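Chain naming here is simple, since letters A, B, ... match the order of the sequence lines and numbering starts at 1 in each. Note that the structure is predicted; figures quoted are calculated from it, not measured.
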2 protein chains.
Amino acid sequence: MFKFAFYCKKMITKKHLQILGKAEELFATRGYEGTTVRDIADAAGVNLAMISYYFGSKEKLLEALFKERMSATKQRIETVVKNDTLSPFQKMEIMIDQYIDRVSEKQTFYKVMLCAQVINKNTVVLKLLKELKLVYATLIREVIEEGQQTKVFKNDVDVVMLLTTMTGTVTNMLINKDYYREFNDQRKISNTAFEEQLKSNLKKHLKQIFKVILGYES
Amino acid sequence: MFKFAFYCKKMITKKHLQILGKAEELFATRGYEGTTVRDIADAAGVNLAMISYYFGSKEKLLEALFKERMSATKQRIETVVKNDTLSPFQKMEIMIDQYIDRVSEKQTFYKVMLCAQVINKNTVVLKLLKELKLVYATLIREVIEEGQQTKVFKNDVDVVMLLTTMTGTVTNMLINKDYYREFNDQRKISNTAFEEQLKSNLKKHLKQIFKVILGYES
DNA sequence: AATAATTAATTAAACATTTGTTTGATAAAT
DNA sequence: ATTTATCAAACAAATGTTTAATTAATTATT
């Protein structure tokens, strides 16, 4: 007899995504260990046993979250890098814009990701993180080498250092957002207006830095 | 009768520091919630009950750790900023060097701190973090304004953005260190040599960035 | 189309561990 | 003689996971 469940064992339904979304929020505010499966079940409005039923275990739920959220990332970068109509310069700027928009859009997950990079335990999550970093660095190196050949970029560029400044600045801003707002006294403007302002500032800031490190003229 | 314990209730003995050190290591690798008081007691080689006896509770131990590690930070920055023999330019460069050396020296704690900034719960820790950030930003702004008056620095400098790039790059490198080493194929050199190399690279990198953002000429 | 058969979804309760903390007794230090 | 430090044991509460029963949904058969 044909077993549908066998072939689609890892199929993600809407209910899966609903639970993952609530779990993500809790992980971001309380941490993985600080969140109980009862918390997740309550937040998602499902019975406690459904977590094990849907994901197998709390740990596999975490893995599922990372797989889900990181699934399209690689393709997104590749689309830019492999686009022949774009110059290396354009590719770098688009990459900065894309990254900032992405983090802004998926703030909760990037908080979870940040902690996961420090508190490393789950091998599946570690593998996903490592792979993503390697893909990122390799693709960006391609772009930089392309720019170096056309004499647009400097010859000695520390790729990972540059990427670390980009990801570090953006993820750290995620943490310091409130202080940024308070310090610059932007408490009066609306939340959405502030978010847009911040994104704009970050993009300008990082592009200025990239310009210097890569050595191109605008 | 004279009560020594009353006046020195919060006195930190060598045993306190020993336990704090082991707890710090565990928090950095497993997270606060992921670490049990039994783990800490075992690692420190003391009886389980001693943790409560010395610190009152697991949470107060965390607070004690933050208080201990952050105690001298404010003074360290102030010493540089209030030093009249240094130019604003020199102050900024010293601050970068100091920060990188400090994070490199206390890597474990900065990992704990990074997670604590995301997973905020303990009010004492939150207050310490907030105060430190405000002190930092305020002092740096003083230096920048000093440099602006003598026309050494540009007039429109986003202080918190600049600080975010510094702390973000350094703390993110803490997380990406292994990838950095692997990607640049520096696996052959010794650990200490790599650490020194990395510190040197970070300092050079951030000074270059600061130079552009602040607009001074070297 | 109606009904039986089968699979999937949901639930409350129970399970065995693990958790942070406390106790009360004993040893060490003052 | 009094305080301080240390310990094994016990405590209740919380934890992730499983069970067994029930309901809902789907598929197969008449």
### Query
Judged by modelled atom types alone, do B:Asn201 and B:Tyr180 share a side-chain donor-acceptor pair under 3.5 Å?
yes
### Query
Roughly how many Å is it from CG in A:Asn47 to C1' in C:dT10, rounded to a whole number?
6 Å
### Message
Nearest whole Å is fine: how far is C:dA27 C1' from B:Met50 CE?
### Response
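Atom CE in B:Met50 sits about 12 Å away from atom C1' in C:dA27.
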### Residues in contact with DNA chain D, drawn from residues 29-42 of chain A - heavy-atom cutoff 4.0 Å
A:Thr35, A:Thr36, A:Val37, A:Arg38
### Query
Are any of the side-chain heavy atoms of A:Tyr136 and A:Met95 separated by less than 4.5 Å?
yes
### Message
Under 4.0 Å, counting only non-hydrogen atoms across every strand here, what does A:Leu48 touch: a base, just sugar-phosphate, or nothing?
### Response
base
### Query
Is B:Lys58 close enough and on-axis enough to B:Tyr32, meaning under 6.0 Å and within 45°, for cation-pi?
yes
### Query
Near DNA chain C, under 4.0 Å by heavy atom, which residues of residues 54-64 of chain A?
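Those residues are A:Tyr54.
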### Query
When you measure from the side chain of B:Ala49, which nucleotide among D:dA10, C:dT11, C:dT23 comes out closest?
C:dT23
### Task
Would you mind telling me which of C:dA8, C:dT11, C:dT21 lies closest to the side-chain atoms of A:Tyr53?
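So the side chain of A:Tyr53 is nearest to C:dA8.
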### Task
Quick one: do B:Phe27 and B:Phe109 satisfy ring-ring contact (aromatic ring centres under 6.0 Å, His included)? Show the steps, please.
CA-CA 9 Å; B:Phe27 290 161; B:Phe109 180 65; over 10 Å; no
### Message
Using every non-hydrogen atom in the two residues, find where B:Ile40 and B:Thr35 come nearest and quote the distance to one decimal.
### Response
CG1-CG2, 3.7 Å
### Message
Any salt bridge linking A:Glu196 with A:Lys199? Criterion: basic side-chain nitrogen under 4.0 Å from a carboxylate oxygen.
### Response
yes
